[in-house]
Protein chains: 2
Amino acid sequence: MKAEGKGDMKREHEILIGFLKQKGLKQTDQREKILDIFLSNVKHVSADELHATIRKSDPRIGFSTVYRTLKILTECGLAREVNFGDGRARFERALDKGQHGHLICTNCGKTEEFAIATIEKSIKQISTNVGFRPLGHRLEVYGLCKRCQ
Amino acid sequence: MKAEGKGDMKREHEILIGFLKQKGLKQTDQREKILDIFLSNVKHVSADELHATIRKSDPRIGFSTVYRTLKILTECGLAREVNFGDGRARFERALDKGQHGHLICTNCGKTEEFAIATIEKSIKQISTNVGFRPLGHRLEVYGLCKRCQ
DNA sequence: CTTATCATTGAATATGAATGTCAATTTCAG
DNA sequence: CTGAAATTGACATTCATATTCAATGATAAG
């Protein structure tokens, strides 16, 4: 389970700490640990799944804390919420990850990411045309992956 | 509350009836009535909201029936499920409506639609490149509408 | 260091949408 | 008509999400 960019994880921690300070919130071991494990996870995790993983290294961390911390991470731009139509929120790393869409196989559930530089441009243009200021977007494509066709 | 395309609503009914027959399901007054009211509704409705509206003209129709019928309408291509991040599924008319994205104001909740012909083209191309067969997609842009900026 | 203050934690509980159950009813083919 | 099979609607269940609260922990001021 190799973590991508693990050598640079300090930066994420600084962002979290800065955010907490700025908001008058407190820096706790739990929050740091949750961020660590979230970052070392490659897949899109739900709060539940992340909690299960964290339990293995520290069984004393409760679900609520994981749940609440994921919200904080989303607020400070370290995580991004995505939705694959399976009825639960999933979170993916947001920092240093270009905007992208998801290809979701409705048969086997496999997901794949794809870059959307051009699409993003269109979105900006269209939005500006109608006076809307876009702050984020979600593009999910449902269909059949190569194997399931 | 003017319904768009009300004069042509027979076509939708034929589609529903055809679908039911083909699947060995039965044609009922409730299903027809739910389709009628769904079509005459301009906004994106949740199952709950649609049920509330229907109750006014026929209080004997239950929530379960509305809920299940919305699923049927989605299956036969008359409705499309959309998600505005408010934690409940919403449904919009699908027939005779080109694919489009949604601009969702995160402040006031107002939603606006926009055409995505170009974006759709990109999606098809990208998908084909990786061997994925796209069957549908959802594009939601979050931001601030003109008034909320 | 000590203390006072206020946020955090985690277990339990509440909420609310989505879905399942089932007896009574309705549809529809024969 | 009649019987088999689907539908209905009230209710119950499930499940993710959100909240509550007493105990604990973090932080700033003295």
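Below, chain A is the first sequence line, B the second, and so on; all start at residue 1. Computation of the quantities below employed the complete heavy-atom set of this structure, encompassing side-chain atoms and omitting hydrogens, waters and symmetry-equivalent molecules. In this text, all values refer to a predicted model and were calculated from it rather than measured experimentally.
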Donor-acceptor pairs under 3.5 angstrom involving side-chain atoms of residues 120-129 of chain A: please list them, not counting sequence neighbours.
from	atom 1	to	atom 2	distance (Å)
A:Ser122	OG	A:Thr118	O	3.3
A:Ser127	OG	A:Ile123	O	2.8
A:Thr128	OG1	A:Lys124	O	2.5

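- A:Ile116 is listed as a side-chain neighbour of A:His137, based on a closest heavy-atom distance under 4.5 Å.
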For nucleotides 25-30 of chain C, just jot down a letter per nucleotide in 5' to 3' order: B, S or -, based on protein non-hydrogen atoms under 4.0 Å. --BS--
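- Two end axes, each from the C1' atoms of five base pairs, can be drawn for the helix from C:dC1-D:dG30 to C:dG30-D:dC1; they diverge by 30°, to 10 degrees.
- Regarding B:Tyr67, its OH atom lies at a distance of 13 Å from the P atom of C:dT21, rounded to whole Å.
- The nearest whole Å value for the distance from the NZ atom in A:Lys33 to the C1' atom in C:dT8 is 16 Å.
- Within 6.0 Å of CG in A:Asp86 there are more than 12 heavy atoms belonging to other residues, nucleotides or ligands.
- Every residue meeting the salt bridge (Lys or Arg N to Asp or Glu O under 4.0 Å) condition with B:Glu92, not counting sequence neighbours, appears here in chain and number order: B:Arg80.
- Identified under the side-chain hydrogen bond (donor to acceptor under 3.5 Å, both in side chains) test for residues 45-58 of chain A, with sequence neighbours left out: A:Lys33-A:Asp58, A:Glu49-A:Arg90, A:His51-A:Arg55.
- Under the 4.5 Å side-chain criterion, counting only non-hydrogen atoms from C-beta, A:Phe38 is in contact with A:Leu73.
- Shown are B:Leu35, B:Leu39, B:Leu70; of these, the side-chain contact (heavy atoms from CB on, under 4.5 Å) with B:Leu78 is made only by B:Leu35.
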Step-by-step side chain to side chain contact (heavy atoms under 4.5 Å, CB included) determination, B:Phe91 to B:Leu50: CA-CA 9 Å; B:Phe91 296 84; B:Leu50 188 58; over 6 Å; no
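- Near DNA chain D, meaning a heavy atom under 4.0 Å from it, residues 68-76 of chain A has A:Arg68, A:Lys71 in order of number.
- Within residues 80-90 of chain B, the residues approaching DNA chain C are B:Gly87, B:Arg88, B:Ala89, by heavy-atom distance under 4.0 Å.
- Atom CZ of A:Arg55 and atom C1' of C:dA11 are 11 Å apart (whole Å).
- Counting heavy atoms from C-beta on, the side chains of B:Lys146 and B:Lys110 never come closer than 4.5 Å.
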I'd like to know whether B:Ile72 forms a side chain to side chain contact (heavy atoms under 4.5 Å, CB included) with B:Leu20, so could you lay out the CA-CA distance, the side-chain angles of the two residues, the decisive distance to 0.1 Å, and finally the verdict. CA-CA 9 Å; B:Ile72 291 176; B:Leu20 293 174; 4.3 Å; yes
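- Connectivity analysis of hydrophobic side chains (ILVMFWY, heavy atoms under 4.5 Å, direct or indirect) links A:Ile104 to A:Val82, A:Phe84, A:Tyr142.
- Atom-to-atom, CG of A:Leu35 to C1' of C:dT8 comes out at 17 Å; the value is rounded to the nearest Å.
- Residue pairs meeting the side-chain hydrogen bond (donor to acceptor under 3.5 Å, both in side chains) criterion with at least one partner in residues 13-23 of chain B, sequence neighbours excluded, are B:His13-B:Glu32, B:His13-B:Asp36.
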Polar atom pairs (N or O), protein with nucleotides 11-14 of chain D, under 3.5 Å:
none

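- To the nearest angstrom, P of C:dT9 lies 11 Å from CD of A:Glu32.
- One can place CG of A:Leu20 at 19 Å from P of C:dC6, the figure rounded to the nearest angstrom.
- The backbone N or O of A:Lys26 lies less than 3.5 Å from a partner atom in the side chain of A:Arg31, making a donor-acceptor pair.
- When hydrophobic side chains of Ile, Leu, Val, Met, Phe, Trp and Tyr are connected at separations under 4.5 Å, B:Tyr67 ends up clustered with B:Phe63.
- Between the side chain of B:Arg93 and the backbone N or O of B:Asn41, no donor-acceptor pair lies under 3.5 Å.
- In the hydrophobic clustering, where aliphatic and aromatic side chains (Ile, Leu, Val, Met, Phe, Trp, Tyr) are joined below 4.5 Å either directly or transitively, B:Leu135 groups with A:Leu144.
- To the nearest angstrom, P of C:dT19 lies 14 Å from CG of B:Asp48.
- Put simply, NE2 on A:His51 is 15 Å from C1' on D:dT17, counting in whole angstrom units.
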